[in-house]
Amino acid sequence: MTKDKLSIVPQGKLTRACDVVTASLALGLYSPFILSAAIRSYFKSESLFKKEIALDALHRPVHQLLLRNSEHANIGLYLSVLRGQLSIIGLDRLPTDSRLVPNDISPENSKAAYPAGIFSLASNHRSIGLLGPSETLSLERQFQSLQGITYFKTLAKTALCSLLYKGKKLKSETSFYLFGLKIDNHSMSEAIDWLFDKPEQGCETAVFVNVNSVNLSHEQAELRHAINSANKVFADGSGVRMGARKLGIALKGNVNGTDMLPILCRQASSASKRLFLYGAAPGVAAKAADKLRKKYPGLRIVGVQHGFANTGNNDKLEQQTIDSINNSKADILLLGLGSPLQEQWLKRNRHKLKVDKALAVGGLFDYHSGNIPRAPLFLRELGFEWLWRLFQEPSKKFYRYVIGNPLYLLRLLRLKRQL
Ligand code: UDP
């Protein structure tokens, strides 16, 4: 693809009309902020708007207006829409420190390009944590999100995610407390880097915190202590994102086991790191191991153990499992016993483990054995993967989601912003 051959696709009349109406409504809605910025600018003898040049996904300059002397500088972008410099939904305006967009555009799309948008599928993915703060989507994916009827789906997804997950003036703290749980604010790549770093001493552990673990630890102080004793606590899912937002914190990523495993396997096979899978019903971890070995050639899974051999806290059986993990010479242990068993198991046994890192991964082996299919992308893009899990196992997950989610939202309502 050569960028200079690309011409901007003239917006359809309908999308342009939508843009003009939305931008006018937004400017009307924000008029009190504009008025107060105008007064401040008048007294400072400055112009109301400042011009700025950003780059879009095709690395074209995007001339945009920002409101001066206001905490809501982005209001100016709606004026850029009226002037035809931006659309409401379009190609990504690249984050300042973004990596280059892969050159993967297909021949049919290579003749055309869309305008940059205030919002885009990529900005939507960043807001939900499917992308890190400096990442963007492939051009192909961005083009697809703007074609025909998909444009309106992207518009709906973006509007819903802005409402639920975006926040003004959010800070990027490195860690924070949410309902007594200390959460590390990491992107997926930082989490992976940590996983492959040499431990400072002994076995280092990590757990993922989601709405279910927050709810459970509310009732069980022991689980709360077990989570807080882990070396890393990753923020998993949209519920924790909403909690962080309430505290005034922008999460760097949605660090969940399902998205982490493919990256982990690729890196483990290139770095010759050995994995041990412990947990799930008999046969499930072994099936997941077979599938992963096929998918990631060179991946060394040196042991599997199902998660129902040790029910009833039998010390001898627990020691046997630890011995087989240590004897396997694994570097990384993936522990899928579900909450609160896995967090407590790690707290109890980490000092006996000879692996570098141990990670509590919940029902991950069920997904990777193919026993339970992963949620479709559109649900993940909205942060509604839990709906899919409820649909998969309605009776098992009823309390967790149908009771647990509203309970969590109620707790969130009472949570005070800290920053
Ligand atoms: N599990 C286990 N041993 C037990 C209880 C549960 O290995 O004594 C497994 C269970 O088979 C499932 C996982 O732990 O694979 C828990 O999955 P769930 O979806 O509840 O966990 P989440 O991913 O939500 O933490």
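Just so it is clear, the structure is predicted and the values come from calculations on it, not from any experiment. First listed ligand is number 1; within each ligand, the first listed atom is number 1.
At distances below 3.5 Å, at least one donor-acceptor pair connects side-chain atoms of Lys357 with backbone N or O atoms of Trp194. In this structure, Asp92 contributes its side chain and Leu137 its backbone to no donor-acceptor pair below 3.5 Å. Looking only at distances, a side-chain donor or acceptor of Asn254 sits under 3.5 Å from a matching main-chain atom of Gly237. With hydrogens and angles ignored, the 3.5 Å screen pairs a side-chain donor or acceptor of Asn349 with a backbone N or O of Trp345. Counting only distance, with no hydrogens or angles, the side chain of Arg274 and the backbone of Ile332 share no donor-acceptor pair below 3.5 Å. The main-chain N or O of Ser187 is found under 3.5 Å from a side-chain atom of Glu190 such that the two form a donor-acceptor pair. Proximity of a side-chain donor or acceptor of Ser238 to a complementary backbone N or O of Gly383 within less than 3.5 Å is detected.
Every N/O-N/O distance between Phe308 and ligand 1 stays at or above 3.5 Å. Residue Arg389 has at least one N or O atom closer than 3.5 Å to an N or O atom of ligand 1. The shortest N or O to N or O distance between Val361 and ligand 1 is not under 3.5 Å.
Heavy-atom contacts of Gly279 reach the following atoms of ligand 1: 7 (O) (cutoff under 4.0 Å). Close approach of ligand 1 to Ala281 is summarised as follows: ligand atoms under 4.0 Å from at least one heavy atom of the residue are 11 (O). Taking every heavy atom of Ala280 and a limit of under 4.0 angstrom, the matching atoms of ligand 1 come to 2 (C), 7 (O), 9 (C), 11 (O), 15 (O). Distances below 4.0 Å separate heavy atoms of Asp366 from the following atoms of ligand 1: 12 (C), 15 (O). Interface atoms of ligand 1 facing Gly336, defined by a heavy-atom separation under 4.0 Å, are 7 (O), 9 (C), 13 (C), 14 (O).
With salt bridges taken as basic N to acidic carboxylate O contacts below 4.0 Å, one links Glu385 and Arg374.
Looking at Arg400 against ligand 1, only its side chain comes within 4.0 Å, counting heavy atoms. When non-hydrogen atoms are compared, ligand 1 lies under 4.0 Å from neither the backbone nor the side chain of Gln305.
Counting only N and O atoms by type, the side chains of Glu219 and Asn215 include no donor and acceptor under 3.5 Å apart.
Partners of Ser339 according to the side chain to side chain donor-acceptor pair (under 3.5 Å) rule, which considers only residues two or more places apart in sequence or in another chain, are Glu343.
Using a 4.0 angstrom heavy-atom cutoff, Lys396 does not count as in contact with ligand 1. The closest approach between a heavy atom of His306 and any atom of ligand 1 is not below 4.0 Å. At a 4.0 Å cut-off, at least one heavy atom of Leu341 sits close enough to ligand 1 to count as contact. Under a 4.0 angstrom heavy-atom cut-off, Phe365 registers as lying outside contact with ligand 1.
In the candidate list Pro340, Gly363, Pro282, Gly363 is nearest to atom 21 (O) of ligand 1, counting heavy atoms.
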